[in-house]
Amino acid sequence: MILEIFLSALFFTLLGLAYVKGYDVVKRHSPDHLVHFYLIMATVRMLLVGTIVALYVLFAENRENAIRFAAIFIIMYVIMMVVTLKLRH
């Protein structure tokens, strides 16, 4: 379970960095498209999180681990959303 938490934290850190750097690039080069960038990134994040959770649940050893992983991953997703919104808005 510690490996899953570490990999989840790494995933959300990289995803958050991509959002912050992408936001800076779009703001610098084309600030009119910030809304589009945010919507695209929100969609990409949601699809990636949903895919990872679905794959883990599909291939999990047992039901308890799948539920625990899904709960932790979704909590981390919500925290990442709050942090990126606070950093950039």
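In this structure, the side chains of Ile79 and Phe12 stay at 4.5 Å or more apart for every pair of heavy atoms. Inter-residue side-chain proximity for Met76 and Phe11 is flagged as unmet; no heavy-atom pair is nearer than 4.5 Å. Annotation: side chain of Arg68 is not in contact with side chain of Glu4 (no heavy-atom distance under 4.5 Å).
Linking ILVMFWY side-chain heavy atoms closer than 4.5 Å, directly or via other members, places Ile75 and Leu7 in two distinct hydrophobic clusters. No single ILVMFWY cluster, assembled from side-chain heavy atoms under 4.5 Å apart, contains both Val25 and Val44.
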Taking it one step at a time, do Tyr23 and Met41 satisfy side-chain contact (heavy atoms from CB on, under 4.5 Å)?
-> CA-CA 10 Å; Tyr23 183 92; Met41 280 301 292; over 6 Å; no
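Partners of Phe69 according to the ring pair (Phe, Tyr, Trp, His ring centres under 6.0 Å) rule, which considers only residues two or more places apart in sequence or in another chain, are Tyr56, Phe73. In this structure Ala66 satisfies the side chain to side chain contact (heavy atoms under 4.5 Å, CB included) test together with Val57, Ala60, sequence neighbours excluded.
With rounding to the nearest 0.5 Å, the separation of CD1 in Ile67 from CG in Asn62 is 9.0 Å. Here Met80 contributes atom CE and Leu15 contributes atom CG; the two are 5.0 Å apart, rounded to the nearest 0.5 Å. With rounding to the nearest 0.5 Å, the separation of CG in Leu34 from CG in Leu39 is 11.0 Å. With values rounded to the nearest 0.5 angstrom, Tyr77 atom OH is found 12.0 Å from Ile52 atom CD1. Note: Leu48 CG to Thr43 OG1 = 11.0 Å, rounded to the nearest 0.5 Å. Distance check, rounded to the nearest 0.5 Å: CD1 of Ile40 to NE2 of His33 gives 9.5 Å.
Judged purely by atom type and a 3.5 angstrom limit, Ser30 has no side-chain atom pairing as donor or acceptor with the backbone of Val26.
Closest non-hydrogen pair, Tyr38 versus Met81, comes out as OH-CE, 3.9 Å.
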